[in-house]
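Right, one structure below, let's go through it.
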Amino acid sequence: MSCELFSVKDRVVVITGGTGVLGRCIAEYLAREGAKMAILGRRQAEGEEIVKAITDAGGEAMFCVADVMNQETTERNCADILARWGRVDALLNAAGGNMPGATIAPDKNFFDVKVEEFQKVLNVNLTGTVIPTQVFLKPMVEAGKGAIVNFSSMAAFRPMTRVMGYAAAKAGISNFTAFMATEVAKKFTPKIRVNAIAPGFFLTNQNRALLTNPDGSLTERGADVIRQTPFGRFGSPEELCGTIQYLISDASAFVTGTVAVVDGGFNVYAM
């Protein structure tokens with residue numbers, strides 16, 4: 001019974017941002033657990049490489065070249081997935097990113113923010129969560145069940161220095177998650193759940209240069225993060241997988257509107 005409770009076998013799971021470090025790890029893990037993975041991303045070569053790795057290991061996967069800020073492209077992705085598997089059981093909104101102009105470096109101030117880049121960061125993170133949710137929620141509503149997991153961040157809990165645009169977008173994602181949990185349950189069915197995950201600090205291609213030096217030692221900001229993390233280290237991508245599996249499985253059947261924190265204690269450490 002306990003194994004079935006957490007089972008994702010044969011569930012069709014869509015993941016945006018699937019070619020990133022975290023997205024790839026999650027996709028490959030869920031495929032090993034028996035899920036059918038639809039991987040959405042911009043980089044076709046990387047996407048096809050992930051699909052090959054999954055299929056070579058005996059899993060099922062497909063890749064769609066995606067643009068989460070484009071409604072028509074996302075609808076085509078959904079149509080392709082439905083043509084292959086006939087349904088969508090879960091959506092993981094893992095696409096996101098940052099831009100230099102939406103950050104404030106130590107030697108800069110608020111007046112140096114480039115509003116156009118700030119807007120792009122809001123779009124790729126927040127609008128890039130809203131559009132896939134709108135598109136992939138439709139087949140879930142038709143089926144009367146499903147699960148959505150958005151990707152928030154530690155920056156949603158605290159207005160961290162530098163990452164002004166990213167923090168604003170992620171705070172919006174947490175709010176959107178809470179809003180949609182009620183919207184979906186009240187207007188469609190409580191069998192569709194909307195939650196979010198808030199990773200702590202994991203080394204990815206986007207933040208590696210910010211947190212570590214070329215020789216692998218910590219930057220000043222990296223050292224600040226480790227000092228603030230009771231576990232005393234960065235997270236490993238694999239450490240997100242269990243929480244994701246829980247949130248899309250029947251184990252979380254009475255859980256909606258929550259932001260699950262996976263951060264080694266970062267958010268609760270005061271001094």
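Atoms considered below: every heavy atom in the structure, side chains included; atoms not considered: hydrogens, waters and symmetry mates.
Judged by distance alone, with hydrogens and angles left aside, the side-chain atoms of D56 form no donor-acceptor pair with the main-chain N or O of A53 at under 3.5 Å. Under the 3.5 Å distance criterion, the side-chain polar atoms of D89 are left unmatched by any main-chain donor or acceptor of V13. Formation of a donor-acceptor pair under 3.5 Å by the S252 side chain with backbone atoms of L247 is found in this model. For the pair N213 (side chain) and D215 (backbone), a donor-acceptor distance under 3.5 Å is absent. Under the 3.5 Å distance criterion, the side-chain polar atoms of T212 are left unmatched by any main-chain donor or acceptor of A209.
The cluster map of Ile, Leu, Val, Met, Phe, Trp and Tyr, joined by side-chain heavy atoms under 4.5 Å apart, puts Y166 and F157 in the same cluster. Taken together through direct or relayed side-chain contacts under 4.5 Å among Ile, Leu, Val, Met, Phe, Trp and Tyr, V255 and V184 form parts of separate hydrophobic clusters. No continuous path of ILVMFWY side-chain contacts below 4.5 Å connects V261 to Y269, so the two sit in separate hydrophobic clusters. M99 and V124 fall into different hydrophobic clusters, where Ile, Leu, Val, Met, Phe, Trp and Tyr side chains are chained together by heavy-atom contacts under 4.5 Å. Residues M160 and I226 share a hydrophobic cluster, clusters being chains of Ile/Leu/Val/Met/Phe/Trp/Tyr side chains in contact below 4.5 Å.
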Before you tell me yes or no, could you show the steps for F136 and T74 under side chain to side chain contact (heavy atoms under 4.5 Å, CB included), namely the whole-Å CA-CA distance, both residues' side-chain angles and the distance that decides it to 0.1 Å?
CA-CA 9 Å; F136 290 104; T74 307; 3.8 Å; yes

Check step by step if side chain to side chain contact (heavy atoms under 4.5 Å, CB included) holds for D80 and M62.
CA-CA 10 Å; D80 290 341; M62 65 182 289; 4.2 Å; yes

Criterion side chain to side chain contact (heavy atoms under 4.5 Å, CB included) on M154 and R158, from CA distance to verdict
CA-CA 7 Å; M154 286 298 99; R158 304 182 184 190; over 6 Å; no

Quick one: do T129 and N125 satisfy side chain to side chain contact (heavy atoms under 4.5 Å, CB included)? Show the steps, please.
CA-CA 6 Å; T129 293; N125 289 280; 5.9 Å; no

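Distance check, rounded to the nearest 0.5 Å: CD1 of I248 to CG of L92 gives 5.5 Å. Atom-to-atom distance recorded for E142:CD and L137:CG is 10.0 Å, nearest 0.5 angstrom. Taken from NZ in K36 to CZ in R87, the straight-line distance is 7.0 Å, to the nearest 0.5 Å. A distance of 13.0 Å separates CZ of F202 from CZ of R208, quoted to the nearest 0.5 Å. Atom CD of residue E28 and atom CD1 of residue I26 lie 11.0 Å apart, to the nearest 0.5 angstrom. Note that CG of D263 is 11.5 Å distant from CD of E239, once rounded to the nearest 0.5 Å.
When every heavy atom of I197 is checked against every heavy atom of V259, the shortest pair comes out as C-CG1, 4.5 Å. Taking each heavy atom of I50 and I39 in turn, the nearest pair found is CG2-CD1, 3.5 Å. Across all their heavy atoms, A147 and M140 have their closest contact at O-CE, 3.6 Å. Between P199 and L240, the shortest heavy-atom contact is CB-CD2, 3.9 Å. Residues V21 and L203 share a closest heavy-atom pair of CG1-O, 4.2 Å. Of all the heavy atoms in F6 and A251, the pair that sits closest is CE2-CB, 3.4 Å.
Two residues are said to be in side-chain contact when any heavy atoms from C-beta on lie closer than 4.5 Å; I104 and D112 fail this criterion. By the 4.5 Å heavy-atom criterion applied to side chains, K145 and T189 are not counted as neighbours. Side-chain contact between T127 and L122 is absent, with no heavy atoms from C-beta onward closer than 4.5 Å. Using a 4.5 Å heavy-atom cutoff, the side chains of T103 and K108 are not in contact. For the pair E238 and C25, the minimum side-chain heavy-atom distance is below 4.5 Å. Between M180 and I148, every side-chain heavy-atom pair lies at or beyond the 4.5 Å cut-off. When side chains are defined from C-beta on, E33 does not count as touching S7, because their heavy atoms never get closer than 4.5 Å. The shortest distance between side-chain heavy atoms of R162 and R221 falls below 4.5 Å.
When each of R43, R42, E49 is checked for a side-chain hydrogen bond (donor to acceptor under 3.5 Å, both in side chains) with T19, only R43 meets the rule. Evaluated for a side-chain hydrogen bond (donor to acceptor under 3.5 Å, both in side chains) with T177, the options N150, N93, T133, N195 yield exactly one hit, N150. Between L40 and the choices I15, D67, I81, T73, the side chain to side chain contact (heavy atoms under 4.5 Å, CB included) rule is met once, by I81.
Residues passing the ring pair (Phe, Tyr, Trp, His ring centres under 6.0 Å) test with F266 are F201, sequence neighbours excluded.
By the 4.0 Å N-to-carboxylate-O rule, D250 lies close enough to R11 to be salt-bridged with it.
For CD of E116, the number of neighbouring non-hydrogen atoms (other residues, nucleotides, ligands) closer than 6.0 Å is greater than 12.
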